[in-house]
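Both counts, for ligands and for their atoms, begin at 1 and track the order of listing.
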Amino acid sequence: MTPNVLESIAHTRAAVSAARQAGSRIALVPTMGALHAGHARLIERARQDGQYVVVSIFVNPLQFDRPDDLERYPRTMESDLQMCASLGVDAVFAPVVGEMYPHTPTCTVHVGAVANYLCGQYRPGHFDGVATVVMKLFQIVTPDRAYFGEKDAQQLAVVRHLVRDFNLPVDIVGVKTVRESDGLALSSRNARLDQEERRLAPALYAGLLEAARLIARGETRANVVKTAAAARIRAARPLRLEYLEVVDAQNMQPVERITGRVIVAGALWVGSTRLIDNVRCDKVVLP
Ligand code: AMP
């Protein structure tokens, strides 16, 4: 089945409204395109839940802190649409920038403390941009459910806070990270890695696993965990560890003592490509 490709907000509203009138619940999978198996997992989950599935494809300029990153971001609309067709997506909302931002917005969403650390610390304005576009997408598509990857754990936390703080009538579903066989989390930015960089890139996940192992063994000192994980990553050229942090899984604030559910998150530069990943440590198993 070929999805309905919608470039205008008005047509998207009309399609969603018709689907809802026909008795469907509406699912939204927001993406920036260059779709891969990670995105496919989100779409499959949305499909399994038996809804009218809308995938948005929009490279949101508001969330890019570096112009070169926005410029170099991969755009593969044709194969994206093929993937959407093969996964039974009902509608693809693929607006141009002028449709989403006909003028510079005077009202945007400002994200508070949940964005203070991790990527929020190193990418000024990034999560304000994410929250603003997610708010707009929710107003346009009016989904009952929206699907986000755990790969972007801080983004998922930001979206959960957005929904809670603005009483948005949408259920947020988090989906487990899809990885390559060597552990590297799938990402549209992986396409930029050359052969040698690709070989080194799984170091980030290896470090995070080391952290998870220590925590599972009962280590509660975040500093000890971070040092061991960073050593495992061995941040040497062309690798540069931007951050590696242990945070509370709900509010994304760094912890010194690990007493509950935490996320260990890192950002690694591999050459000129920035990769992020994280693991959630649900249980502290004391020795
Ligand atoms: P993006 O196109 O990178 O903005 O990602 C769109 C959605 O797909 C976000 O909710 C991401 O968290 C999710 N996503 C990206 N990569 C993965 C992955 N490897 N596993 C699961 N979800 C992912």
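- Proximity to Q155 (heavy-atom distance under 4.0 Å) selects the following atoms of ligand 1: 9 (C), 10 (O).
- Scanning all protein heavy atoms for the shortest distance to atom 12 (O) of ligand 1 gives D152 OD2, 2.6 Å.
- The shell of residues lying under 4.0 angstrom from ligand 1, judged by heavy atoms, includes H39.
- An N or O contact shorter than 3.5 Å is missing between S187 and ligand 1 by distance.
- With a 4.5 Å cut-off on side-chain heavy atoms, V134 and F148 count as touching.
- Ranking the protein heavy atoms by distance from atom 20 (N) of ligand 1 puts V178 N, 2.9 Å first.
- Annotation: cation-pi geometry satisfied between R179 and Y205 (NZ/CZ under 6.0 angstrom from ring centroid, within 45° of ring axis).
- Contacts of P30 with ligand 1, taken as heavy-atom pairs under 4.0 Å, involve the backbone alone.
- Under a 4.0 Å N-O distance rule, the pair R198/E196 does not qualify as a salt bridge.
- Close contacts between ligand 1 and H36 involve ligand atoms 15 (C), 16 (N), 17 (C) [criterion: under 4.0 Å to a heavy atom].
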- Could you walk me through whether R20 and D144 pass salt bridge (Lys or Arg N to Asp or Glu O under 4.0 Å), step by step? CA-CA 10 Å; R20 188 164 269 134; D144 298 287; 3.2 Å; yes
- Checking side chain to side chain contact (heavy atoms under 4.5 Å, CB included) for the pair V54/V92: CA distance, chi angles, key distance, verdict? CA-CA 6 Å; V54 181; V92 173; over 6 Å; no
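- Against a heavy-atom cut-off of under 4.0 Å, T177 is close to the following atoms of ligand 1: 20 (N), 21 (C).
- Taking any N or O of M32, backbone or side chain, at least one lies under 3.5 Å from an N or O belonging to ligand 1.
- Against a heavy-atom cut-off of under 4.0 Å, F148 is close to the following atoms of ligand 1: 10 (O).
- Using a 4.0 Å cutoff on heavy atoms, Y73 counts as a contact of ligand 1.
- At a 4.0 Å cut-off, not a single heavy atom of E150 sits close enough to ligand 1 to count as contact.
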- Carefully, step by step, assess D69 and R189 under the rule salt bridge (Lys or Arg N to Asp or Glu O under 4.0 Å). CA-CA 10 Å; D69 190 31; R189 290 188 173 87; 2.9 Å; yes
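- Contact between R179 and ligand 1 is absent, with no heavy atom of the residue lying under 4.0 Å from the ligand.
- Atoms of ligand 1 found under 4.0 Å from any heavy atom of L186, numbered from 1 in the order shown, are 16 (N), 17 (C), 18 (C), 19 (N).
- Counting heavy atoms only, L42 comes closest to atom 22 (N) of ligand 1 of the residues V55, V175, V29, L42.
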- Message: I'd like to know whether R47 forms a salt bridge (Lys or Arg N to Asp or Glu O under 4.0 Å) with D90, so could you lay out the CA-CA distance, the side-chain angles of the two residues, the decisive distance to 0.1 Å, and finally the verdict.
- Response: CA-CA 10 Å; R47 265 258 73 92; D90 294 291; 3.4 Å; yes
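- Annotation for V178: hydrophobic cluster partners, listed by chain and number, are L186 (ILVMFWY side-chain heavy atoms under 4.5 Å, direct or chained).
- Considering backbone and side-chain atoms alike, G149 places an N or O below 3.5 Å from some N or O of ligand 1.
- Atom CG of L204 and atom CG of L244 lie 7.5 Å apart (nearest 0.5 Å).
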- Query: Do S56 and M32 pass the side chain to side chain contact (heavy atoms under 4.5 Å, CB included) test, and can you show the C-alpha distance, the side-chain angles, and the key distance before you say yes or no?
  - Reply: CA-CA 8 Å; S56 63; M32 297 204 299; over 6 Å; no
